[in-house]
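This one's a predicted model, so the numbers in the text were calculated from it and none came from an experiment.
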Amino acid sequence: MSKILSTHVLDATDGTPATGVHVQLLSSAGDVLASATTDSDGRIAEIAPDGLTAATYSLVFATGDYFAARGRETFYPEVTVTFVLDDPQRGYHVPLLLSPFAYSTYRGS
């Protein structure tokens, strides 16, 4: 089982943490394994507290709801980041840099 799977969302529109973004963790079959909402620092410290095995997963960020709550238009109603967790003994961090019309992600540490 994996040690930690965490995420962080930064709103690049104004350079602040994206508070209140709902995130779902999905299996490769599309089953919802867990869900959480980013805190005041834009973080979810642990989205899979029971751990994960080596497999392919997706994090689905409800970006449309986030921007709608702030009265902003967005091109992306959701952002899905699919990744391979290949070593369950290490921690994984999947950050999202977000704006209404672009996003970026990377394998964090």
Side-chain angles (χ1 to χ4, degrees):
M1 295 296 216
S2 69
K3 291 186 176 184
I4 291 178
L5 174 60
S6 60
T7 189
H8 178 224
V9 183
L10 179 68
D11 186 338
T13 307
D14 52 18
T16 59
T19 301
V21 177
H22 184 71
V23 181
Q24 290 184 315
L25 173 66
L26 306 180
S27 70
S28 60
D31 298 321
V32 176
L33 303 175
S35 64
T37 302
T38 57
D39 63 16
S40 62
D41 196 32
R43 296 181 183 278
I44 299 173
E46 175 56 82
I47 195 165
D50 296 332
L52 297 168
T53 59
T56 299
Y57 298 94
S58 296
L59 289 174
V60 180
F61 298 84
T63 54
D65 293 343
Y66 168 78
F67 284 121
R70 283 145 189 81
R72 293 190 207 152
E73 180 184 351
T74 183
F75 185 68
Y76 300 104
E78 69 180 27
V79 171
T80 301
V81 178
T82 302
F83 59 96
V84 175
L85 189 147
D86 56 0
D87 180 0
Q89 296 307 308
R90 82 176 271 180
Y92 285 78
H93 183 67
V94 182
L96 181 66
L97 180 62
L98 180 64
S99 77
F101 303 101
Y103 65 88
S104 177
T105 186
Y106 57 93
R107 182 177 179 172
S109 59

- Please answer whether the main-chain N or O of A12 pairs with a side-chain N or O of S99 as donor and acceptor at a distance below 3.5 Å. no

- Message: Do F61 and L10 land in one hydrophobic cluster if side-chain heavy atoms of ILVMFWY residues count as linked below 4.5 Å?
- Response: no

- Task: Could you pull out the closest heavy-atom pair between P17 and G42, with the gap in Å?
- Result: CB-N, 3.5 Å

- With side chains defined as the heavy atoms from C-beta onward, is the minimum distance between V60 and V23 less than 4.5 Å? no

- Please answer whether the main-chain N or O of P77 pairs with a side-chain N or O of T74 as donor and acceptor at a distance below 3.5 Å. no

- Which heavy atom in D41 sits nearest to a heavy atom in D39, and how many Å separate them? N-OD1, 2.9 Å

- For residues T105 and F83, determine if any side-chain heavy atom of one lies less than 4.5 Å from a side-chain heavy atom of the other. no

- Message: Between V79 and L26, is there shared hydrophobic-cluster membership here, with clusters defined by ILVMFWY side-chain heavy atoms closer than 4.5 Å?
- Response: no

- Applying the side chain to side chain contact (heavy atoms under 4.5 Å, CB included) test to Y103, which of L97, L96, V9 qualifies? L96

- Query: Passes side chain to side chain contact (heavy atoms under 4.5 Å, CB included), V94 versus Y106? Steps please.
  - Reply: CA-CA 6 Å; V94 182; Y106 57 93; over 6 Å; no

- Item | Polar side-chain atom of Y57 near backbone of L52 as donor-acceptor pair, under 3.5 Å | no

- Query: Does T13 reach the side chain of P100, with side-chain heavy atoms less than 4.5 Å apart?
  - Reply: yes

- Could you tell me the separation between the CG atom of D50 and the CG atom of L33, rounded to the nearest 0.5 Å? 10.5 Å

- Report the relative orientation of the aromatic rings in H8 and H93; use parallel for angles under 30°, tilted for 30 to 60°, perpendicular for over 60°. parallel

- Message: Check this for me: does any side-chain nitrogen of one of R72 and D14 sit under 4.0 Å from a carboxylate oxygen of the other?
- Response: yes

- Query: Are the side chain of Y92 and the backbone of D86 linked by a donor-acceptor contact shorter than 3.5 Å?
  - Reply: yes

- Item | Nearest heavy-atom neighbours spanning T19 and S40 | OG1-O, 3.3 Å

- Do you reckon V81 sits in the same ILVMFWY cluster as V32, going by side-chain contacts under 4.5 Å, direct or chained? no

- Query: Closest approach of H22 and T37, non-hydrogen atoms and distance?
  - Reply: ND1-OG1, 3.6 Å

- L98 vs D11 side-chain heavy atoms within contact, under 4.5 Å: no

- Message: Quick check for you: to the nearest 0.5 Å, what is the distance between L59 atom CG and S35 atom OG?
- Response: 11.5 Å

- Query: At their closest point, which heavy atom of L25 faces which heavy atom of A48, and how far apart are they?
  - Reply: CD2-CB, 3.9 Å

- Message: Do T38 and R43 have side chains that approach each other closer than 4.5 Å (heavy atoms only, starting at C-beta)?
- Response: no

- Query: Any idea which heavy atoms bring P95 and G108 closest together, and the distance?
  - Reply: CD-N, 3.9 Å

- Message: Distance alone, cut at 3.5 Å: any donor-acceptor contact between the side chains of T56 and S28?
- Response: no

